[in-house]
4 protein chains.
Amino acid sequence: MAKQPDPARRSQRSRQAILTAARELITEMGYAKLSIEAIAARAGVGKQTIYRWWPSKGAVVLDAFLALSEAGPEQDMALPDTGDLEADLKVVMRATVAEFADPAFEAPIRALNTEIINDPALAAQYQEKLAGPVDEAKKERLRSAQRAGQLAAGADLDLALELLYAPLYQRWLLRSGPLTPQYADALVDAFLKAMGPDIDASTH
Amino acid sequence: MAKQPDPARRSQRSRQAILTAARELITEMGYAKLSIEAIAARAGVGKQTIYRWWPSKGAVVLDAFLALSEAGPEQDMALPDTGDLEADLKVVMRATVAEFADPAFEAPIRALNTEIINDPALAAQYQEKLAGPVDEAKKERLRSAQRAGQLAAGADLDLALELLYAPLYQRWLLRSGPLTPQYADALVDAFLKAMGPDIDASTH
Amino acid sequence: MAKQPDPARRSQRSRQAILTAARELITEMGYAKLSIEAIAARAGVGKQTIYRWWPSKGAVVLDAFLALSEAGPEQDMALPDTGDLEADLKVVMRATVAEFADPAFEAPIRALNTEIINDPALAAQYQEKLAGPVDEAKKERLRSAQRAGQLAAGADLDLALELLYAPLYQRWLLRSGPLTPQYADALVDAFLKAMGPDIDASTH
Amino acid sequence: MAKQPDPARRSQRSRQAILTAARELITEMGYAKLSIEAIAARAGVGKQTIYRWWPSKGAVVLDAFLALSEAGPEQDMALPDTGDLEADLKVVMRATVAEFADPAFEAPIRALNTEIINDPALAAQYQEKLAGPVDEAKKERLRSAQRAGQLAAGADLDLALELLYAPLYQRWLLRSGPLTPQYADALVDAFLKAMGPDIDASTH
DNA sequence: CTGTAACCGAGACGGTACGTCCGGTCTTCCA
DNA sequence: TGGAAGACCGGACGTACCGTCTCGGTTACAG
């Protein structure tokens, strides 16, 4: 049986240095140029220390982002809730569009996706640790809308999130079209038509 | 000025051998293990012959798929059109779900996406050569539905395709949820609610 | 000032385990594969325990052999003395040839020499602790021969030993020729011609 | 079957750079600090180019010395022959003693021996390419002495060389005693007693 | 029909990074 | 407080590929 390292003796100093170095290198040079060797050198750490604690380069990158979330535990992940679902969603979607246009976000997110696509284990980690909590916050807003009668009561919230976000995400990831505020609005409009309150109810 | 190779003298024998080798290696060993050296060796070709005609590994992979389409020029890309949009779309979407479940499709498509995410030039090629024609066929079916009054007349067809396909594609790519026939149906239902014929018209 | 470990508190259990492990590993895998890590692991000892008590890998190896000698303190290092120098030397030299042919002797002695060649401090230790006593026993036999008039009275015994042994040792170490009983005899013959009783004296 | 590199396509430029770098690094930093990486870096060469053409570090070092000999093909390996064997040998042996005292000779020769001791294949190469020719030159001088009646006619010249050189070489290699001109003379005296013209013939 | 210029296969080359191993130091915890 | 355990930084190992280059050989167009 292979010997497992003892997490109790792990150097937190090295861990933070590695994650920080990984984040810096990704933004500086892009994911293609990211190497374990460079991370170790930048972090002032032996390569073995990386291999001891992470199974792959992708795992390091994922952890580098998880560490950010941990840093600010009470992240402002909660979506705005003014009572007007359409307005709130348009604000959020336009913000997302703006975020994707920021070059500083490009490299790391593309890096993460490159790894996730080809590594199921990493994808599971990603869903559980990063995407999950964010999606939960979004669903919470939708549940609030359901209570307010602004969203079909029986709507599948997973599908709802996908309807809203997947088109936007795909355009960005595959660069298959322009990301504009108008596009964000159009997505919200379509989403509300598909998932809005039952029409029968309103005709009464 | 750098000398350009003369396409007229290009060896079609080598070209086919390279594309075939690329396809075989991707399915056999996955994209991560794919190397130019391996392609050249398998194809019985000098490395320079690859570098002469393709700018990157991703370009070879893309070409390997384009070549498949060229093989059957009059691909049955046209969607079924029985006159019943909902039924036709559900057939198509269920077929797509089934296709994505086929392990033989996994490796190559993931490979292609890995490259496209990080290479804008390749993404453009992909859109133009592979995705474009397919999307056009899909749009043609939607236009037919518009003429039949089964789809909003002013609907943005690009957005329409994204609403239909992006959720499915994202689930598959990021493994963020199960791909079932029911899911396909639900997507069509949501799509038709969002993009179906204008309600105002029917209430008058 | 660096702190020196206190020899009084040294664990004899660890010391023996380390020396035994070193000996075993050398015979099993040869000197090239010998590492401090492997010795520590085999001995069930922390690496620091080795570094605390020995300055170099070579020192451990040397000690591993010294420990053997200590084990049997009254080693039968004394050479046979039947009164017939030529016969006695031939017996001894033939035995040495046989010893060198034993594969079990190969690895350790070559290991020791590898270290000694490049480490003067170790060489001094080797001369003092291992080679010295053995050479002294050999010289004692030669002194006996001098007393018996079978060896030149004024012979330099250090040179004498080198004449006898260095050719044999060099052949073995550098594999520059075959080691046979005949070769052993020839060496003794040459040695006795060079160092035997003065001819002038006998002719008078 | 493993593929062998094609010697015809070997870059002589790289070969020379590697051998020169190896020689320089050995003298500068000693053999212990010599690494393939350092040789490659100093030579401005990829590591693979070294691994392609040499099976081990020792083989590179050996070649580095062989290349020196090739450079001056008609090396002045021939020993002086004034007709007086004793005088000639004492000159040669004193010169050898002086040579061994030169620190510039130390590192490389010890390096070579370290490798040879543990690598039979390398030892064979060494005997054939380096030691062999030198020994042949020495034997030639001894044959001349035999013709002149200054050496026993039936003497085994291999053994003769060992009697002369092995003691000296062993003292130097193992640092087991001082190397002085007097020692050189004593060796020649002993050698001539052992191997000089037959005494019986002269007494008749 | 014959240069001659290009592509072609092969593969050596200078490099980068891989993932592993070990050297030597430092730290933690046990006896 | 010595020793076991082992994490740590550093750095060499030998391998796999990268993208460039040079080498003959073999087309195939031009004179």
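Values below: every heavy atom of this structure, side chains too, minus hydrogens, waters and symmetry copies.
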Please identify each residue that fulfils side-chain contact (heavy atoms from CB on, under 4.5 Å) with Ala121(B), with sequence neighbours left out. Asp119(B)
Is there a side-chain contact between Leu34(D) and Val61(D), using heavy atoms and a 4.5 Å cut-off? yes
Rounded to the nearest angstrom, tell me the gap between atom CZ in Arg13(B) and atom P in dC7(E). 17 Å
Whole angstrom is fine here: how far is it from CZ in Arg15(D) over to C1' in dA12(E)? 16 Å
From the candidates dG14(F), dA12(E), dA7(F), the one with an atom nearest any side-chain atom of Asp6(A) is dA7(F)
Between P of dC22(E) and CG of Leu25(C), the distance in whole Å: 11 Å
Arg52(D) CZ to dC13(F) P: how many Å, rounded? 17 Å
Expected output is a numbered-order residue list: members of residues 36-49 of chain B with a heavy atom under 4.0 Å from any atom of DNA chain F. What is it? Ile36(B), Glu37(B), Lys47(B), Gln48(B)
Between Arg110(D) and Leu173(D) (side chain of the first, backbone of the second, donor and acceptor by atom type, cut-off under 3.5 Å), is there such a pair? yes
Distance, rounded to the nearest Å, where Trp54(C) contributes CH2 and dG3(F) contributes P: 10 Å
Partner residues of Arg42(B) under the salt bridge (Lys or Arg N to Asp or Glu O under 4.0 Å) criterion, sequence neighbours left out: Glu24(B), Glu28(B)
Rounded interatomic separation in angstrom, taking CD from Gln12(A) and P from dT28(E): 13 Å
Short side-chain to backbone donor-acceptor contact, Arg175(C) and Ile117(D), under 3.5 Å: yes
For Tyr51(D) and Ala8(B), take the nucleotide of DNA chain F holding the closest heavy atom to each; which residue's nucleotide lies nearer the 5' end? Tyr51(D)
Nearest to the side chain of Ser14(A), which nucleotide is it out of dC13(E), dC8(E), dC8(F)? dC8(F)
Assert: residue with more 5' nearest nucleotide on DNA chain E, out of Ser35(C) and Leu34(A), is Leu34(A)
With Arg9(A) as the cation and Trp53(A) as the aromatic partner, state whether NZ or CZ is under 6.0 Å from the six-membered ring centre and within 45° of the axis. no
Nearest-Å distance for atom pair CD1/P, residues Ile50(C) and dG6(F): 15 Å
Just so I know, are the side chains of Leu174(C) and Asn113(D) near enough to count as touching, which here means a heavy-atom distance under 4.5 Å? yes
For Trp53(A) and Arg9(D), find the nucleotide of DNA chain F closest to each by heavy atoms; which residue's nucleotide sits nearer the 5' end? Trp53(A)
